[in-house]
Amino acid sequence: MNFELTHTDPETSARCGCLSTAHGEIQTPIFMPVGTVATVKGVFHRDLKQEVGAEIILGNTYHLYLRPGLEVLEQAGGLHKFSSWDRPILTDSGGYQVFSLADNRKLTEEGCVFQSHIDGSRHLFTPENVVDIQRVIGADIIMALDECPPGTAEYGYAKKSLGLTQRWLERGVKRFDETQPKYGYGQTFFPIVQGCVYPDLRRAAAEHAAALHREGYAIGGLAVGEPAEQMYQMIEVVNAILPKDRPRYLMGVGTPENLLEAIARGVDMFDCVMPTRNGRNGMLFTAQGIMNMRNQKWARDFSPIDENGTTFVDKTYSKAYLRHLFVSDEMLGAQIASLHNLGFYLWLVREARAQIAQGTFAAWKRDMVKKVSARI
RNA sequence: GGGGGGAUACCAGAGUGGCCAAAUGGGACAGACUGUAAAUCUGUUGUCUUACGACUUCGGAGGUUCGAAUCCUCCUCCCCCCA
């Protein structure tokens with residue numbers, strides 16, 4: 001994998017660049033649609049590529065390990081072939097499930113014992129076997145196993161948790177460096193910087209991760225209940241330490257506003273379920289603001305979903321029609337909204353790149369933050 | 001013509017003397033969602049009020065009772081069976 005910075009913004013810490021992988025190039029800053037169980041819910045690959053312009057998508061180790069399972073994935077020749085996605089894939093390690101499935105797991109020094117949310121069966125994830133599983137999945141970018149504490153975690157717990165995440169990270173790096181890809185193309189391994197909302201912990205975590213000299217780094221444990229301002233502060237603290245010539249991936253973030261603020265602070269990669277999940281639940285993100293498509297006010301609005309939208313659904317369908325689909329619980333509504341939202345997210349990062357390249361990012365961002373967070 | 005059943009909030013439908021401004025479901029309206037156990041979840045849905053609370057409601061009119069959606073009388077309308 002190779003990363004090349006092409007532009008840096010004079011006023012902010014924003015930058016744009018190009019990340020090269022075995023499955024193609026990724027222009028940064030980039031947003032990566034989430035495809036947890038080998039599908040970006042409700043969206044065809046054709047549309048992800050042609051309409052949305054997705055350059056890389058996510059998969060999830062925990063979910064794919066449970067279903068379809070490693071045997072199927074290995075026989076298929078990896079996740080790319082299994083799902084017919086020939087562009088890059090990044091897999092999360094299951095670290096987030098340590099957080100979101102907290103009632104069904106037990107943490108030890110060794111790793112994390114999960115109870116499957118599907119059938120209740122018990123499984124052990126370790127920093128090592130999570131690397132092995134991601135080798136089988138065949139993701140271009142694989143993530144370290146970490147503990148993602150809630151945004152409300154107190155200092156004592158945060159410090160203890162970070163210690164575990166750091167020991168796990170070292171074990172994960174070791175296993176990665178000792179093993180080989182399975183399908184004839186290279187993979188890379190990203191550490192995850194934790195430390196909750198505590199600057200000293202974040203600093204220590206970033207220094208520890210940077211010392212491992214990897215090809216890219218992730219910032220985890222943010223947007224998990226803490227105020228947005230604290231999230232932005234933590235990004236600043238961490239990005240001051242992470243090497244400038246390596247991509248930084250802010251995990252699980254976020255709203256369009258979050259993306260813009262994080263790009264301004266030097267983040268290069270994002271993923272989030274919001275465009276798809278909130279889309280399925282009737283929320284549309286646009287450059288003019290946020291719409292709840294179930295609202296009565298759209299019932300007779302026959303104008304296009306989004307005049308400025310970049311996907312075919314934006315001008316094909318009207319707001320009134322989309323509202324009807326949501327109110328009638330028709331699945332086409334969820335598909336249209338997912339496609340639109342992903343299209344908007346990818347447009348937003350493309351536009352951010354263009355503005356950075358032109359040196360006009362700062363002013364554009366100030367204006368755009370107001371627009372995208374408005375309720376319409 | 002004879003016999004029987006019924007009328008409850010936007011709809012359907014419980015409730016059959018006080019714990020009823022009235023269950024439940026649907027609908028309607030609004031909100032939440034950040035490395036996806038989510039095509040999910042939450043709230044509101046008589047009027048006024050930030051709230052406490054107050055007021056008016058169970059086809060209509062009258063009555064019994066300390067108290068009525070609930071009991072009695074009459075009226076209106078609907079449904080079923082027999083002829």
Side-chain angles (χ1 to χ4, degrees), chain A residues 31-43 56-64 66-67 89-105 114-120 130 134 139 141-151 165 190-194 217-228 231 249-259 261-262 267 269-285 290-299 323 325-338 341 345 375:
Chain A
F31 178 80
M32 309 181 280
V34 178
T36 308
V37 283
T39 163
V40 176
K41 294 183 192 301
V43 185
I56 171 173
I57 62 175
L58 254 69
N60 182 276
T61 300
Y62 166 83
H63 289 279
L64 293 169
L66 291 180
R67 242 178 2 204
I89 295 176
L90 179 152
T91 41
D92 184 32
S93 60
Y96 188 73
Q97 280 64 44
V98 177
F99 162 70
S100 66
L101 303 176
D103 295 339
N104 299 312
R105 53 82 168 160
F114 281 104
Q115 244 182 307
S116 159
H117 69 280
I118 300 166
D119 63 4
V130 150
Q134 292 178 94
I141 301 172
I142 77 182
M143 303 303 301
L145 185 66
D146 65 335
E147 188 197 354
C148 177
T165 289
F190 281 17
I192 302 172
V193 173
Q194 288 287 350
Y217 299 88
I219 307 170
L222 292 176
V224 284
E226 81 286 0
M231 168 166 76
Y249 161 31
L250 178 59
M251 305 185 76
V253 174
T255 63
E257 180 178 358
N258 292 159
L259 263 61
E261 295 295 350
V267 173
M269 303 165 71
F270 302 89
D271 79 281
C272 189
V273 302
M274 278 192 136
T276 43
R277 181 190 285 166
N278 290 28
R280 285 196 303 282
N281 294 333
M283 181 183 284
L284 253 61
F285 298 96
I290 297 168
M291 298 187 276
N292 181 345
M293 291 316 298
R294 307 188 80 104
N295 287 174
Q296 162 71 32
K297 61 181 162 194
W298 309 118
R323 170 185 141 84
L325 294 177
F326 273 109
V327 166
S328 311
D329 210 19
E330 281 292 331
M331 63 182 176
L332 183 61
Q335 291 182 271
I336 291 171
S338 297
N341 280 345
Y345 267 63
R375 296 284 176 153

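Chain letters run A, B, ... following the sequence lines, proteins first and then strands; every chain starts at 1.
Across every non-hydrogen atom of A:L222 and A:V253, the tightest pair is O-CG2, 4.5 Å.
As judged by a 4.0 angstrom heavy-atom cut-off over every strand, A:M283 is placed among the base-contacting residues. Across all strands shown, A:N104 has heavy atoms under 4.0 Å from base atoms, whether or not it also approaches the sugar-phosphate. Residue A:G221 is classed as a base contact, given a heavy-atom separation below 4.0 Å to a base. Residue contacts shown for A:E226 are absent, as no nucleic acid heavy atom lies under 4.0 Å away.
Listed by chain and number, the residues in a side chain to side chain donor-acceptor pair (under 3.5 Å) with A:Y249 are A:D271 (sequence neighbours excluded). In this view, A:A337 and A:L284, A:F326 satisfy the side-chain contact (heavy atoms from CB on, under 4.5 Å) rule, not counting sequence neighbours.
B:A12 and B:U24 make up a base pair, with Watson-Crick or G-U wobble contacts both under 3.5 Å. Pairing of B:U70, defined by two Watson-Crick or G-U wobble distances under 3.5 Å, is not identified with any nucleotide. B:C41 is paired with B:G31 under the Watson-Crick or G-U wobble criterion, all donor-acceptor distances under 3.5 Å. With a cut-off of 3.5 Å on both Watson-Crick or G-U wobble distances, the partner of B:C77 is given as B:G6. The partner of B:G46 is B:C55, by the rule that a Watson-Crick or G-U pair needs both atom distances under 3.5 Å. Applying the Watson-Crick and G-U wobble criteria (two distances, each under 3.5 Å), B:G1 pairs with B:C82.
Atom CZ in A:R294 sits roughly 16 Å away from atom P in B:G43 (whole-Å rounding).
Tested against A:D146 for a side chain to side chain contact (heavy atoms under 4.5 Å, CB included), the candidates A:V130, A:T165, A:V98 yield a single pass: A:T165.
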